[in-house]
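As structure tokens, the structure follows; a few thoughts come after it.
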Amino acid sequence: MKLITAYIQPERLPAVKKALYEREVFKMSVTNALGCGQQKGYRETYRGVDIEVNLLKKIRIDIAVNEDFVERTIEGIVAGARTGKIGDGKILVTELLECIRIRTGEKGESAIG
Amino acid sequence: MKLITAYIQPERLPAVKKALYEREVFKMSVTNALGCGQQKGYRETYRGVDIEVNLLKKIRIDIAVNEDFVERTIEGIVAGARTGKIGDGKILVTELLECIRIRTGEKGESAIG
Amino acid sequence: MKLITAYIQPERLPAVKKALYEREVFKMSVTNALGCGQQKGYRETYRGVDIEVNLLKKIRIDIAVNEDFVERTIEGIVAGARTGKIGDGKILVTELLECIRIRTGEKGESAIG
Amino acid sequence: MKRSILIISATILLGALAAPAGEHAEAANIGESMAVSSFALDNMFLFVCALLVIFMQPGFAILEAGLNAAKNTVNILFKNVMDLCLGALLFFLVGYSFMYGDPLLGGWIGWSGFGIDTELSEAAGGGVLHPQLNWFFQAAFAATAATIVSGAVAGRMKFVSYLVYSAVLTALVYPISGFWTWGGGWLDAMGFHDFAGSAIVHAVGGFAGLAGAIALGPRIGRFGPDGTPRAMPGHNLTFAALGVFILWFGWFGFNPGSQLAISGLEDVNAIAQVAVNTILAAAAGGLFAMFATWIAFGKPELTMALNGVLAGLVGITANCDIVSNPAAIAIGAIAGLLVVGGVKLLDRLRIDDPVGAWPVHGLCGIWGVLAAGIFGGADLGVQALGGFAIAAWAFVAMLILFFILKGLGFLRVEAEEELRGLDIGEHGEEAYSGFQVFSTQ
Amino acid sequence: MKRSILIISATILLGALAAPAGEHAEAANIGESMAVSSFALDNMFLFVCALLVIFMQPGFAILEAGLNAAKNTVNILFKNVMDLCLGALLFFLVGYSFMYGDPLLGGWIGWSGFGIDTELSEAAGGGVLHPQLNWFFQAAFAATAATIVSGAVAGRMKFVSYLVYSAVLTALVYPISGFWTWGGGWLDAMGFHDFAGSAIVHAVGGFAGLAGAIALGPRIGRFGPDGTPRAMPGHNLTFAALGVFILWFGWFGFNPGSQLAISGLEDVNAIAQVAVNTILAAAAGGLFAMFATWIAFGKPELTMALNGVLAGLVGITANCDIVSNPAAIAIGAIAGLLVVGGVKLLDRLRIDDPVGAWPVHGLCGIWGVLAAGIFGGADLGVQALGGFAIAAWAFVAMLILFFILKGLGFLRVEAEEELRGLDIGEHGEEAYSGFQVFSTQ
Amino acid sequence: MKRSILIISATILLGALAAPAGEHAEAANIGESMAVSSFALDNMFLFVCALLVIFMQPGFAILEAGLNAAKNTVNILFKNVMDLCLGALLFFLVGYSFMYGDPLLGGWIGWSGFGIDTELSEAAGGGVLHPQLNWFFQAAFAATAATIVSGAVAGRMKFVSYLVYSAVLTALVYPISGFWTWGGGWLDAMGFHDFAGSAIVHAVGGFAGLAGAIALGPRIGRFGPDGTPRAMPGHNLTFAALGVFILWFGWFGFNPGSQLAISGLEDVNAIAQVAVNTILAAAAGGLFAMFATWIAFGKPELTMALNGVLAGLVGITANCDIVSNPAAIAIGAIAGLLVVGGVKLLDRLRIDDPVGAWPVHGLCGIWGVLAAGIFGGADLGVQALGGFAIAAWAFVAMLILFFILKGLGFLRVEAEEELRGLDIGEHGEEAYSGFQVFSTQ
Ligand SMILES: Nc1ncnc2c1ncn2[C@@H]1O[C@H](COP(=O)(O)OP(=O)(O)O)[C@@H](O)[C@H]1O
Ligand SMILES: Nc1ncnc2c1ncn2[C@@H]1O[C@H](COP(=O)(O)OP(=O)(O)O)[C@@H](O)[C@H]1O
Ligand SMILES: Nc1ncnc2c1ncn2[C@@H]1O[C@H](COP(=O)(O)OP(=O)(O)O)[C@@H](O)[C@H]1O
């Protein structure tokens, strides 16, 4: 099992969800985050004093998947999130040792879906 | 060492904290998240237009533990969070390579607690 | 590749960012979190009723790095976040299997930076 | 666009003066013009004061919203909006007639037909109130009584039940006890003194709220399994503070306006004293409630100080016309202490009144009519009787209604809906879209 | 610090009375003093009502802010602040003169020089308005018309274009159609009845807003690719509700104040009736809009009920002086239903009016002048003509302006700026620093 | 419920007229009734204006709250509530007596006993003010002066120290310099003109705030190690904008109310001019501050425009009765530019005034009294002297107090408490429970 974590532009979330649904990935967790990357920030002023805003709003998506879903999940996220502009984001993949469904106590691959 | 990540219903947080305390797990980090799973969402209307809300409020808990605490931590989360209804959530377990206490610079198993 | 996750005091964020920049770590994602650890909380009252606040505000930082950056990233976080007081926080390190840049589709080590 | 009749009458007047004959006619004209002038002045005063009282509605709305969880905000706002909508329509239809009509059933209620008069039935003059404006002022009071309750029952009551409650209170319960004093009923005959309504308005609302809080039971998680109270903090204290400031402002329509006229020398004297007593009592209430929390809990607490200000205002309402400035300060200070005690008392009794409607309006409403006896020379026995009668009436009448609704299964929402918030369950609409709001309890 | 002239004149008066001779002089003195008294009373009434109308500005500001996304809050607030700043300055410079000046160009516009008079040109008396105070009252109305639009064009219009629009509306468009009726122009000559401005103020704002919404096109994501509307919920309904309460309060300056005098018996009668009709219509509007959403969507919806209150207020504005209390309830109830229908209609037409400015002010503004015919005895044909003429003027004049701005590329912000929010793009300043706010659409 | 005395007197009057004899008596009666009428009208005007000034308190409260971090909101709200509570009680006890009592110590202070009169000491008439209402109006001014400071010292001052400061200012410092002009002291004797208190109220508050900001030092992180200023944005600009709108509204009690009477022809003329000048100066201030930021920083900034509106209001306060409409626009426009410059100046001096209390109230307060000389014909030398004397008094007196508090270790909270927020440290209560709020600086 793998844990797929993606940081995307906030306004791409609906598109990513749609792309994942089409690929039969229905489960995910979403958090909002601030990101710092190649995308340069923007400037604000407040009462005449400059503020450099270089932590930009991002959305973080976490999806636990079985091995056979890894490829299509990544592909779905890319399909939904890519605009070709700096700031589109990153996908990180880590090994998932165990997954437990709290409601039933099921473990492992069957608990993921 | 393992990193245990759980997504639970927000209103179960006090119960989960209590269950973990009883099992001598005192450290954790909590984030709020939105989740999408088997639990179906609900409908809102705004000025006569339907909104389908399928990202539901969840609480994410991260706990770094030593091997001998893994079982009881999982068991504690389940004890506190389970209601038997859809939406109770998931627990994910990943391998933790290193843990450092910033204050002292301690590393490894002794830094966790 | 490694994924470095740190929980720090909110007011240390600017210092941590500065320390990381000086060490040429420019990319990161920031989330706010609530933490429970050795730092004891504080008490509030609301209309004469006590509230024990033991989930304290923390900032979570996630940084995906290549192997040769692991040491200096950890060192930078410690440099920026350490005050020597309880509550300074923790750094967790996990194995990162894959990293994908959404914009270009690049994978692996070159996608991280 | 129009021109006033008076300029014409003034012209006529000056014309008349040109003729040496008819001096009495002249004088009569002058007298009439002056009467109209006083009439206009008094009705303008009433109009302005009525507006101030109407403006108390948003004060209540955002105070109550601010002192409750974010997840119930739409519900609370909606209840306050409907209190004014329903209140105005029902007080128009029947409430006003019940309250100020001719005595019926041995003086326990009034009646003089549906709706309200549109024309003056007497000659215009100082102290004569236009029936439409008089209704306007009184309707604002009725809506105030109704809206006090919405805070006490917040977070768990079905919206439809609330509408039923609100309709019954403004159409029936408030007008009946109102008739007893202001309508010229039996309490008025006994000399009961409640100048602007500590009991008639506030205790009615406060005790109706207590009935609601009892019938509903506490919110889930408000008391631990062993009965220890647990705080459920309000989601926006800026709104709460703004609400209290607005109420304080509106109260200067409530109290001074209850003089109902300003054109006479006595009226101005009374209004001046009432206004000063009102601000002093509120200030003392806020200050002493703050000190009480500082001593009792170790830190000065804003929400209690805000309640203290309101407690001072409620406490002075019955007696502001008959007590001295220093007495007003004393009355406010005691009210500020009472409200802190009242909140703790409810906690001990495990009654969940999220905004403190009973300590503020119920308890201090009774204190206000008693203080009229203690500091203002009114008959203390009559004051106690009147306060008790009005509070008991509101409490019992509404308790019956709430238990009927409970019996019908209409009173309280499901536990799951309560936990998720009434905004989603009752209205399918959330107050703070886009904001990340925790709802962990 | 000063003392009034009247006490002196009263002394003179009493002195004069000491001399048996000169009784006519005495009487003349009395007449004059009384005229000044009425003058003072009427101007004080106008002053108070003008303040209430000015206070509607924050009502609009926070209602519109609350009904839009958090990321556009600074922009909306700024537009509302500037409506009052620009409005006051331009209505001072030329607007007032266009609206209340001597007829020009065959009665289509007025003019009598820049600025406003500083002195009374006639003898003081009841119903005589001080020119500075009269301007003060009228300027508040002009700013109201302007500010209605800012909600309709929210979330996508360039700030600089909005300033141009606001200047043109208060300096030119509103004064011209205002002149037709209130300035004594051709509609006034035909007997068109619009007491406080359902059409002259509200329909002008509502139809100008519609022109803006059409010229701009909908916000990104407001309609799906297949045209199905998608909700973009407001970020703070507490502000929205508070805004509506403030507007409701301010409306009692708008409607009763339009009587322009209170010193005569007829004035008091009119004001009393107007005030009661105003509150009843608003209450009915809110109640019926709530019922409509309950039946149509299954749950009572707050934002629609709030719009219903405003719809009732707009609907009664033209006719509150000539309809009975029950008719006022009917007018408000129908307005409450109309506003729900109007919102759905715009959705069907794929016009994006984020706060419902057209359904509330445009549609119900027209309804108000028609209702003056249906319930108040005004000539229905003239009412329909007047409503149409005013709405068409505002719509066409502003549509031309908006398309000119569009042609110049000044009208709408870039898509990326729109998605990130106008606060960052236009002002480099965010409204809720520190709060974690989602902006996923 | 009561009836006015006037209807009776009117009846008596008419009765008297029936008798041909005693025409002088008649006339005397008429004169008396008219005097009471004027008295009632003037006192009603004062009452309404006092309410408007009291309503400025929530304006200040939410403006200051909105312009600061979320973590200090409870603290700021609490300070504003206590300014009014303490202010009313202390101004009642001694402040009013210091300010309007008989000259003492060679005319540097007044005194005439504790508390306030309850009865008229002269015959009722136009321009005669009821002592209780006069106090009511003046107390509102005192509370305004006090509350200006709370913004300047926000985010780092101990609550208990703030209470001491607030008590000293309203009980002693404000009344003393107030006595110099309004109490008939030495500045009044020199002909110093400060109609509604640009210097007496606003400069006192602004310079007291400056003293506080200096004594406290800047918030942690406000200036970089090299002294470059760093922005600490306000947490809720909707509250800030609403606060400014409320202040603007309340200012129409502040300025026109300072005429203290409306019953005479001259009074109406003055009030009309004052009201129009007030709105024009505010509008110009907002517009020019916006333009200044647009040119200087590239984007129009809301918070500065809001400050510009207030700057215009403060600037016109001293001279609104003696300048023309165009001069009012010029005064406001200059104030709007001054405020932007003042904010930058403080940044350069590394003084941290979180809401700009000194640029708005201090700097533009001085500008206001100077403008009375430049545009209004007052003696410029005397104006400069008066402005300087008042500002210096407030600054020095409060600086001493603040340094005493500092010496006692009571002035500033611990660094850790400051970082976590004063709401937790001082009050154990947070303003936005449930909302996820960042506090990274
Ligand atoms: N090495 C990293 N570690 C953690 N988060 C990252 C890393 N690189 C990028 N991110 C996240 O992805 C977001 C987009 O990155 P950015 O470099 O701007 O995009 P792109 O890869 O398209 O150039 C960042 O704002 C940040 O949240
Ligand atoms: N595969 C997954 N990846 C990430 N998060 C998940 C996954 N499955 C479930 N979740 C999280 O757990 C929550 C509860 O899941 P749900 O399927 O509704 O519960 P249950 O397992 O009891 O049916 C979801 O809202 C989501 O936040
Ligand atoms: N075992 C853990 N698992 C998850 N988060 C932890 C753990 N230990 C510490 N944390 C996070 O780090 C923060 C600081 O921990 P704390 O124990 O107070 O600091 P210190 O290690 O300096 O004593 C906590 O508030 C929590 O967010």
Side-chain angles (χ1 to χ4, degrees), chain E residues 1-7 10 13-14 17-18 26 30 33-34 36-37 39-41 43-44 47-48 51 54-55 57-58 61-62 65 73-74 77-78 81-82 84-86 88-89 92 115-116 118-119 124 130 132-133 135-136 139 159 236 239 426-436, chain F residues 24 27-28 30-31 34-35 37-38 41-42 45 48 69-70 125-128 182 233-238 241-242 245-246 249 252 256 259-269 271-273 275-276 279-280 283-284 286-287 299-303 305-306 309 325 329 435-439:
Chain E
M1 303 257 125
K2 51 148 313 297
R3 291 290 166 257
S4 144
I5 196 175
L6 201 67
I7 188 164
L13 179 67
L14 288 167
L17 294 170
E26 278 169 35
I30 296 176
S33 290
M34 291 184 57
V36 169
S37 225
F39 170 69
L41 187 59
N43 280 279
M44 174 163 166
F47 172 67
V48 169
L51 293 188
I54 287 174
F55 196 51
Q57 295 289 324
I62 62 172
T73 304
V74 166
L77 295 169
F78 214 156
V81 172
M82 282 301 129
L84 187 50
C85 289
L86 274 176
L89 293 172
F92 170 79
I116 46 176
T118 52
E119 260 157 54
H130 194 287
Q132 295 257 317
L133 279 180
W135 173 85
F136 191 57
F159 184 62
N236 193 321
F239 279 129
E426 298 287 286
H427 308 290
E429 202 171 47
E430 284 171 288
Y432 300 105
S433 166
F435 282 93
Q436 194 149 334
Chain F
H24 299 320
I30 294 175
M34 288 183 58
S37 226
S38 298
L41 187 58
D42 284 345
F45 176 67
V48 169
V128 173
W182 289 347
H235 82 280
N236 193 321
L237 299 192
T238 314
L242 180 57
F245 273 119
I246 289 178
F249 175 65
F252 292 110
Q259 178 67 13
L260 302 179
I262 196 170
S263 67
L265 190 55
E266 293 308 305
D267 295 321
V268 177
N269 283 340
I271 289 162
Q273 185 187 350
V276 173
I279 196 172
L280 290 177
L287 199 67
K299 286 190 177 171
E301 213 189 288
L302 177 62
T303 47
L306 294 175
V309 167
N325 297 159
I329 296 177
F435 282 92
Q436 194 150 334
V437 183
F438 274 106
S439 50

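Both backbone and side-chain heavy atoms feed into the values below; hydrogens, waters and symmetry mates do not. Labels below follow one simple rule: chain letters A, B, ... track the order of the sequence lines, proteins then strands, and each chain is numbered from 1. Bear in mind that the values here come from a model prediction, so they are computed numbers and not experimental data.
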Whether the side chain of E:Gln436 engages the backbone of F:Gln436 through a donor-acceptor N/O pair (distance < 3.5 Å, no angle test) should be reported. no

Given the options F:Leu237, F:Leu280, F:Leu302, which has more heavy-atom pairs under 4.5 Å with chain E than any of the others? F:Leu302

Region of E:Tyr432 in contact with chain F, defined by heavy-atom distances below 4.5 Å: both

F:Phe252 to E:Phe47 - nearest heavy-atom pair and separation: O-CZ, 3.3 Å

For chain E, which of F:Val276, F:Ile271, F:Leu306 has the most heavy-atom pairs under 4.5 Å? F:Val276

Using 0.5 Å steps for rounding, measure from the CD1 atom of F:Ile262 to the OG atom of F:Ser38. 11.5 Å

Ranking E:Thr118, E:Val81, E:Val48 by heavy-atom pairs under 4.5 Å to chain F gives rank one to E:Val81

Please rank F:Ile279, F:Leu287, F:Thr238, F:Leu242 by heavy-atom pairs under 4.5 Å with chain E and give me the top one. F:Thr238

CZ of E:Phe55 to CD1 of F:Ile246: how many Å apart, nearest 0.5 Å? 5.0 Å

Pick one of side chain, backbone, both or neither for E:Ala61, based on which atoms fall under 4.5 Å of a heavy atom in chain F. side chain

Could you tell me which of E:Leu51, E:Asn43, E:Val74, E:Ile62 has the largest number of non-hydrogen atom pairs under 4.5 Å with chain F? E:Leu51

With rounding to the nearest 0.5 Å, note down the distance linking CE in E:Met44 to CG in F:Asp267. 12.0 Å

Rounded to the nearest 0.5 Å, what's the gap from CZ on E:Phe92 to CD on E:Gln132? Could you check? 7.5 Å

Given the options F:Ala275, F:Gly286, F:Ala241, which has more heavy-atom pairs under 4.5 Å with chain E than any of the others? F:Ala275

Can you tell me which of E:Thr73, E:Leu86, E:Leu84 forms the most heavy-atom pairs within a distance under 4.5 Å of chain F? E:Leu84

Kindly give the heavy-atom pair with the smallest separation between F:Ala272 and E:His130, and that separation in Å. CB-ND1, 3.3 Å

With only heavy atoms counted, which part of F:Phe435 is less than 4.5 Å from chain E, the side chain, the backbone, both or neither? side chain

Proximal component of E:Glu426, with respect to chain F [non-hydrogen, under 4.5 Å]: backbone

Is it true that a side-chain atom of E:His427 and a backbone atom of E:Glu429 form a donor plus acceptor pair closer than 3.5 Å? no

Ranked by heavy-atom pairs below 4.5 Å to chain F, first place among E:Leu133, E:Leu89, E:Leu41, E:Ile54 goes to E:Leu89

